[in-house]
Structure formats: structure tokens, C-alpha cells
Amino acid sequence: MKLASRIERLRIESAFDVLVRARALEAQGRNIVHLEIGEPDFPTPPHIVEAAKKALDDGYTHYGPTQGLPELREAIAAHVSESRGIEAKASQVCVVPGGKPIIFFPMMALLEPGDEVVFPDPGFPIYESMIRFLECVPVPLDPKDPRITDRAKMVILNSPENPTGEVLGRAALERIAEQVRGRDCMVLSDEIYSRIYYGEAPGSIASLPGMQEKTIILDGFSKTYAMTGWRIGFGVMPEWLVDAVNKLMVNSNSCTATFTQRAAIAALTGPQDCVVEMVAEFRKRRDAFCAALDTVPGWKCPMPGGAFYAWPDVTGTGKSSKELADLLLNEAGVACLNGASFGARGEGRIRFSYANSLGNLMEAVERIRGFMEGWG
Ligand code: PLP
């Protein structure tokens with residue numbers, strides 16, 4: 001039996017692919033420094049884990065409301081209202097298993113084949129995968145000169161950004177908002193890294209005048225509270241879109257696990273020093289790792305403003321980013337991602353996640369330097 005043609009239009013995330021290859025090398029006795037996967041290396045804070053255990057003891061082991069527990073939706077609405085300076089209501093919040101469904105569901109609900117979708121290139125590979133899956137037309141966004149085409153039905157933004165670590169400035173957000181207002185076009189604003197930044201705080205396009213009703217905010221718990229394995233995230237969107245997202249949820253998942261939702265309430269309403277400490281640690285690693293990479297011959301590494309990724313320019317090595325990423329894994333024992341796997345405009349770059357110990361990060365730089373010297 002042949003697979004449906006739509007499956008061919010789906011892409012994968014190369015991080016999971018490289019992880020498998022790195023593990024295979026480890027199984028042969030090789031030592032690998034893992035800088036490929038985009039997840040905090042810290043444990044989930046203990047008060048969140050305790051809240052989940054208590055929820056299990058209290059019987060949160062059954063189905064819950066498709067849209068999410070009302071008490072969690074209230075906590076999310078309060079948090080998003082305060083952090084974005086908007087008025088978000090619990091009725092506008094959809095709780096889903098991870099941030100990814102807020103890419104999938106609103107796109108499924110809003111787009112028809114042939115619609116143009118403006119998306120970040122380089123960017124999180126799932127955006128382009130979903131655009132192609134839905135038979136839409138991908139239009140790359142230039143963050144320095146953001147132009148929204150007349151036929152665009154959706155603009156996807158991601159700030160701070162994976163893989164570049166860039167934070168979209170207010171001027172860029174305003175230019176995009178100007179072009180979207182009054183048009184039949186929605187913004188999907190992926191703000192999953194909104195609390196991980198080192199300089200200018202990332203703004204949300206939803207807080208610009210008239211933009212809340214044109215924006216779907218995607219956020220979640222995976223990155224902020226080191227909860228990638230819990231599978232919990234949320235969207236905040238105009239009320240008219242909520243029913244469609246609920247329909248897609250009930251058809252695919254029924255609901256998000258209720259004990260993880262109780263843990264998410266503890267995450268949002270409990271002490272926030274865990275987030276502050278994690279970001280401070282990421283900052284130390286960013287400073288040391290990017291500065292060290294910048295001294296490797298042929299490499300240039302800018303300081304990213306947010307998330308936990310380094311995105312060095314490796315055009316000076318004369319190798320394609322795929323060739324170089326493969327060599328670094330196989331010869332130097334450093335697992336990383338080739339920039340072109342984030343879109344055509346990512347060629348000439350490598351993505352490293354610095355969610356690893358400072359010791360391992362410095363070891364990676366020394367391996368890369370040694371490899372470049374030996375090879376050059
Ligand atoms: N959006 C971006 C930009 C990401 O980098 C990721 C995860 O890597 C996600 C969304 C998905 O997050 P989650 O693991 O909560 O589904």
C-alpha cells in the first residue's frame with residue numbers, strides 16, 4: 001500500500017535525526033558532545049514536579065475539558081495579559097500538548113491550498129513543513145525589511161528566534177503590523193522563548209494597537225520551565241477561532257493530560273526564581289561559548305539576544321553547512337545542526353544549542369578548533 005501524498009510534503013526536525021546518528025556513534029564507543037537538541041538541560045523545578053505528584057494523588061487521571069482546565073486558562077490569561085500588556089481572557093486560551101499544536105491547529109483552521117504564508121527563513125523547520133503540508137505557498141520573511149505580500153493569509157513570527165537567537169525589534173513589529181491591519185491576514189506569533197533573553201526584552205506584536213484580534217500567540221512551558229517532556233503549551237487567540245481549534249483538539253487528542261495542567265498552574269503561579277536562575281546560567285554559557293567560537297579560524301559568531309542557540313557564520317571554512325555539520329559529528333564528536341536545515345537562507349551557518357554545561361561547551365570549541373586546524 002502506498003502512503004498518502006501529503007506525507008511526502010511533511011518535513012522532519014533535523015535535531016531528532018542528528019540525535020539518532022549521535023547515539024549510534026556513542027553505541028560504537030565514541031564520545032559525543034550533544035549540542036543538537038533544543039531543550040534546557042536543567043531538571044524541571046521541584047515544586048512543579050511536586051504539584052504533578054499531588055495532582056495524581058488527587059485523582060487528576062481522567063479526561064478533562066478539551067480547551068483546558070478553567071483554572072489553568074485563568075492563570076495563563078492573567079500571565080499573558082500582564083507580560084504582553086493586553087487583555088487576554090480565559091475564553092481565548094487553548095491548552096494543548098506542547099507548543100507545536102498551536103502551529104498545526106490554527107494553520108489547519110485558517111489556510112486554504114494556494115494561500116501565501118510569510119514565514120521566517122531561516123526558521124523553525126516545522127513552519128515550512130506545515131505550509132507545504134497544507135499546500136500553501138511559502139514566502140520567506142526578511143526581518144531587516146519585512147514585506148508582507150498582498151496575497152498573504154498568514155504571517156509567522158518567532159522572537160526570540162530559533163535558530164538565530166535574534167529578537168525582533170519594535171520597528172520591525174510595527175512595520176509588519178502596519179501591513180497586516182485591515183487585511184484578511186492573521187499573525188501566528190511564536191513566543192515560546194519569550195522569557196529567555198539577554199538584552200532588549202522581546203515585544204509581542206499582539207500588544208500593538210488593533211493587533212490582538214489579528215494575532216495567535218503561541219507559548220508554553222517546555223522552554224521556560226524545562227518541561228519539554230511534559231507536553232504542555234497554549235495558544236491565545238481571538239474567540240472566533242477557539243471553536244475550530246477545540247474541534248481539531250477533540251479529533252486528535254481529546255484533551256491535554258490533566259495532572260500536567262495542574263503542574264503548569266504551579267509553574268505559572270509559583271516562585272519564578274527558577275526561570276531567572278536558568279536564564280542567568282544561559283547568559284554565562286552564551287557569553288563564553290560564542291566568544292570562544294568567534295576565535296576559531298574561519299568562524300564568526302555573533303552574540304544572540306535570546307533563546308539558547310549559537311548561530312555562527314562558517315562561510316570562511318569553505319565548506320557547505322551540511323558537509324561541515326557532518327564532519328563535526330563524525331570526526332570531531334560534536335553534534336550540531338546544519339544551517340540549511342532551517343531553510344535555504346540558513347546555508348553557511350551552523351546551529352548549536354548551548355543548553356549544556358560550560359565544561360562541555362568549552363570541550364566542544366576545543367574539538368572544533370583542533371579539527372579545523374588539522375583539516376585546514
Ligand atoms: N516553536 C519553536 C520556535 C521551537 O523551537 C519549539 C521547540 O523546539 C517549539 C515551538 C515547540 O515546542 P514544544 O516542545 O512545546 O512543542
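Quantities reported herein were computed from a predicted structural model and do not represent experimental measurements. We count ligands from 1, going down the list as the structure has it; atoms in each ligand are counted the same way.
When only non-hydrogen protein atoms are considered, atom 6 (C) of ligand 1 lies nearest to F124 CZ, 3.4 Å. With respect to atom 16 (O) of ligand 1, the closest heavy atom belonging to the protein is R231 NH2, 2.8 Å.
An N or O contact shorter than 3.5 Å links K100 to ligand 1 by distance. Below 3.5 Å of separation, one finds an N or O of K223 facing an N or O of ligand 1. Backbone and side-chain nitrogen or oxygen atoms of Y309 are examined, and none is located within less than 3.5 angstrom of a nitrogen or oxygen of ligand 1. Remark: ligand 1 and I103 share no N or O pair separated by less than 3.5 Å (distance only, no angle test). Inclusion of S222 in the set of residues having an N or O under 3.5 Å from an N or O of ligand 1 is warranted.
E161 and T164 form a side-chain donor-acceptor contact under 3.5 Å, judged by distance and modelled atom types alone. Between the side chains of R195 and Q272, at least one donor-acceptor pair of N or O atoms lies under 3.5 Å. Donor-acceptor pairing under 3.5 Å is lacking for the side chains of W299 and T317.
At least one heavy atom of I192 sits closer than 4.0 Å to an atom of ligand 1. Ligand 1 has Y193 within reach: a non-hydrogen atom of the residue lies less than 4.0 Å from it.
For ligand 1, the atoms closer than 4.0 angstrom to any heavy atom of G98 are 15 (O), 16 (O). Interface atoms of ligand 1 facing Y127, defined by a heavy-atom separation under 4.0 Å, are 3 (C).
Side-chain atoms of Q179 come within 3.5 Å of backbone N or O of I148 as a donor-acceptor pair.
For the atom pair L248 CG and M108 CE, the distance stands at 5.0 Å (nearest 0.5 Å).
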